[in-house]
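Report on one structure; see the data block that follows.
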Amino acid sequence: MPNPILTIKNLTKTYGENVIFQHLDLTVNEGDTIVIIGPSGTGKSTLLRCVNLLTRPNDGQIWLDDLEITAKGTNEDQVRQHIGMVFQNFLLFNHLTALGNVKLGLTKVKHMSDEAATVKAMRELTRVGLADRADHYPGQLSGGQQQRVGIARALAMDPRIMLFDEPTSALDPELIGEVLEVMRQLSLDGMTMLVVTHEMGFAREVADRIVFMEKGYIVEEGSPDEMFNHPKFPRTREFLWKITELYGKKEKEAE
Amino acid sequence: MDFGQFISYIAQGTVLTIGVTLIALPSGLLIGTLLALLYVYGGKAASRIMNLYSTIFRGIPPVVLLFILFFAVSKGINLSAFWAGSLSLGVVSSAYQMEIVRGALLSVSGDQLMAARAVGLSRLHAIRYVVLPQAVRLAIPPWSNEAAIVIKDSSLVYALGVPEILRRAQLIGASSQKYLLAYLSAAVIYFLLVLLTTRLLNHLENKLAIPSNP
Amino acid sequence: MKKRFLLVVALALVAAMLVACATESTSVLDKIQKAKKVSVGTSADYPPYEYLDDAGNKTGFDIELMEEIAKRMGVELEWVDMPFDSLVAAVAGGKLDMSISCFNYDEERDKTVDFSEAYYTTEDAFVVSGAFTGTITEPEDAANYKVGVQSGTVQDGWLTDNLVTPGLLPEANLSRYERVDQAALDLANGRIEVLMGDYVPVQALVAQNPDLQIVYRGVLSTGPINIVLPDGDVELKTEVDRIIKELQAEGFIDALAVKYFSE
């Protein structure tokens with residue numbers, strides 16, 4: 001029985017005159033990995049930021065489990081504890097070590113004791129393969145390592161859903177693999193994930209569903225097989241063809 | 001008067017110079033930081049008021065404020081020359097320090113705040129545990145500059161009759177006609193005070209620096 | 001219950017105001033005698049009237065005179081040092097009980113403070129450096145040159161009223177200095193050509209610097225020097241005047257003059 005973790009209904013976001021997206025409907029069930037693809041600037045990042053209430057939509061509703069988080073009077077800080085976010089630019093807290101970064105939410109938000117927080121934080125760092133870098137500062141880590149710490153930081157809060165906003169777009173090609181591998185493992189472990197990315201290989205192999213967004217609309221969505229092999233709309237086919245060409249080349253070179 | 005007595009007379013003013021600085025600088029920091037936080041995070045109305053405060057107290061020569069506080073304001077409350085002087089300098093410094101802290105807060109990218117909120121921290125906690133610690137490090141170099149300025153500006157309290165370094169140099173110079181020696185001595189003492197302070201702050205900056213790979 | 005409370009508060013406020021008013025009208029003399037201490041302002045950068053000795057202590061004609069006056073008032077003397085310009089405002093504002101710093105009577109000053117009886121009489125002098133090629137036979141001749149003066153002094157007032165305002169001396173050619181020794185320095189290095197000041201301290205400067213010389217001496221702006229007292233305080237003035245007369249009669253002041261003003 002599919003259990004919706006995230007339900008988005010009729011969501012609209014405008015910025016002055018510009019319509020970022022409108023009348024969006026999307027459902028993410030428990031354990032699903034949904035990948036959103038599409039040309040840049042079509043509101044994909046903005047959509048993610050609406051989900052964790054960093055931005056407020058102009059119209060529509062969002063539910064996290066049974067709670068309508070877009071309702072007036074919602075405690076936003078509370079809601080965000082249950083939604084993990086991973087940023088394109090990592091956004092680690094520069095003045096804290098990797099361990100410090102992962103612990104901050106545990107001690108200040110979840111009010112865990114220092115010892116308990118350290119234990120949990122180390123567990124998450126181990127999960128992303130960076131236990132040996134726990135005492136390193138962001139300035140001492142590579143981009144891929146920083147992003148993995150970012151993932152650990154989000155995971156430590158035991159979120160209901162993880163949001164990934166182009167997590168590898170700012171990484172050097174050699175470092176992309178280590179991050180995608182962590183994400184793939186997360187997906188296999190059953191984490192509910194909503195991922196915005198250009199990484200088609202990841203989309204094809206890990207996603208349960210792919211959503212193609214353009215010009216503020218969802219053009220089409222379906223399983224990877226449907227989307228790649230028999231898409232309904234020519235625009236979908238066109239976009240995937242172009243992207244696969246580009247990234248397919250990169251993958252071949254990486255091998 | 002032999003050389004030793006001469007220098008010693010001027011040097012005795014150092015205690016008061018340090019005293020004025022130790023009141024003006026920290027009070028300026030406290031007020032300046034609070035106002036900067038209001039300026040950056042308090043909304044439009046607050047930032048307008050803070051801007052006005054900054055414009056006023058950076059726009060008046062400090063010595064004018066000293067006179068206003070000592071002669072006019074203290075008709076009601078009796079302030080000694082030392083306190084009128086130190087507090088005036090504290091108020092002036094707070095306007096400059098507010099700008100320093102504000103600059104530091106703004107230099108910490110707004111994304112840091114966003115990332116902290118995404119983890120679930122409240123706005124207050126995000127500012128306190130993520131933005132401020134980073135801002136402090138950014139603020140030290142300009143603050144070191146402000147500290148040097150306050151040490152030197154402390155000489156302005158001479159106008160109210162506080163017998164600090166400059167006033168003593170003036171008196172002994174005029175009384176003995178040895179002006180060059182008097183003012184050179186004063187200059188050397190101020191120089192040493194500023195040197196010591198900037199060295200200390202430099203040391204602090206190094207101690208607090210966040211490690212990174214070059 | 002609330003009404004009674006407000007009434008009590010109102011009465012307390014009125015009482016406080018009455019007390020405050022009452023304290024206002026008491027003479028500073030009472031305050032001095034109660035505290036057994038008089039606070040006197042001076043700017044000890046004006047030898048030989050007030051300056052620092054080798055040990056860094058205040059000394060000079062005015063200093064010794066004031067110390068004797070305090071002794072005869074039966075109170076301790078507390079010296080408060082301040083730049084000359086600030087002294088009158090400080091007495092007017094109640095920050096000082098009185099001030100002695102070679103003050104001449106001045107109408108402007110009289111508006112905010114009072115003056116004691118004169119305790120001595122001084123003269124004005126015009127000083128030039130060795131490089132001076134002009135002539136000053138009458139005081140008005142100074143208008144032809146670059147003039148320096150200590151700011152806020154009666155000489156400053158005289159120059160402004162008699163030379164600058166009538167247009168004889170351009171404002172730009174009059175330099176005002178915080179202290180007379182600063183003016184003397186500029187005189188020696190040629191930034192100004194003529195210095196107008198009180199004869200006695202100027203004499204002391206000339207004695208130290210053989211390049212300078214006095215070219216004119218007479219009573220123009222100066223004359224009697226007085227102690228500056230709080231405005232309208234009759235009791236204090238009566239007491240101070242009484243002691244000054246006493247000291248004059250005893251020859252105390254003359255002896256001081258010999259000690260400090262001998263050329």
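Note that the coordinates shown come from a computational prediction; the quantities given were computed from them, not determined experimentally. Below, chains carry the letters A, B, ... as their sequence lines are ordered, and counting in each starts from 1.
- When the candidates C:Val180, C:Asp81, C:Val80 are compared by the number of heavy-atom contacts under 4.5 Å with chain B, C:Asp81 comes out ahead.
- When heavy atoms are compared at a cutoff of 4.5 Å, C:Ala204 does not approach chain B at all.
- Atom-to-atom distance recorded for B:Tyr9:OH and C:Asn57:CG is 8.5 Å, nearest 0.5 angstrom.
- Applying the side-chain hydrogen bond (donor to acceptor under 3.5 Å, both in side chains) criterion to C:Tyr120, with sequence neighbours excluded, gives no partner residue.
- The two residues C:Pro83 and B:Gly161 come nearest to each other via the heavy atoms CD-N, 4.0 Å.
- Enclosure of atom CZ in B:Arg58 by more than 12 non-hydrogen atoms of other residues, nucleotides or ligands within 6.0 angstrom is indicated.
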Working for side chain to side chain contact (heavy atoms under 4.5 Å, CB included), residues C:Met82 and B:Arg167 | CA-CA 9 Å; C:Met82 245 185 233; B:Arg167 184 63 182 152; 5.6 Å; no
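- Between C:Leu205 and B:Gln177 the shortest side-chain heavy-atom distance falls below 4.5 Å.
- Between B:Gln170 atom CD and C:Asp181 atom CG the span is 8.5 Å, to the nearest 0.5 Å.
- At a 4.5 Å heavy-atom cutoff, the contact between B:Tyr179 and chain C is made by side-chain atoms alone.
- More than 12 heavy-atom neighbours from other residues, nucleotides or ligands sit within 6.0 angstrom of CZ on C:Arg176.
- Remark: B:Glu99 engages B:Ser54, B:Arg102 in a side-chain hydrogen bond (donor to acceptor under 3.5 Å, both in side chains) (not counting sequence neighbours).
- Of all heavy-atom pairs spanning C:Ser86 and B:Ala159, the tightest one is OG-O, 3.1 Å.
- Residues C:Ala44 and B:Ser175 come closest through the heavy atom pair O-OG, 3.3 Å.
- For C:Glu178, the part sitting under 4.5 Å from any heavy atom of chain B is the side chain, from C-beta outward, and nothing else.
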Test side chain to side chain contact (heavy atoms under 4.5 Å, CB included) applied to C:Lys95 and B:Phe70, step by step = CA-CA 9 Å; C:Lys95 296 279 169 187; B:Phe70 185 60; 3.6 Å; yes
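- By the neighbour-count criterion of 12 heavy atoms within 6.0 Å, atom CH2 of B:Trp143 is densely surrounded, having more than that number from other residues, nucleotides or ligands.
- In this structure, no portion of C:Thr59 lies under 4.5 Å from any heavy atom of chain B.
- Of all heavy-atom pairs spanning B:Leu171 and C:Asp45, the tightest one is CD2-N, 3.8 Å.
- Within the 4.5 angstrom heavy-atom criterion, only backbone atoms of B:Leu160 (N, CA, C, O) approach chain C.
- Contact detail for B:Gln5 and C:Ala55: the closest heavy-atom pair is NE2-CA, 4.2 Å.
- Comparing C:Ala184, C:Pro48, C:Ser43 by heavy-atom pairs within less than 4.5 Å of chain B, the highest count is held by C:Ser43.
- Proximity to chain B (any heavy atom under 4.5 Å) is restricted, for C:Leu185, to the side chain, taken from C-beta onward.
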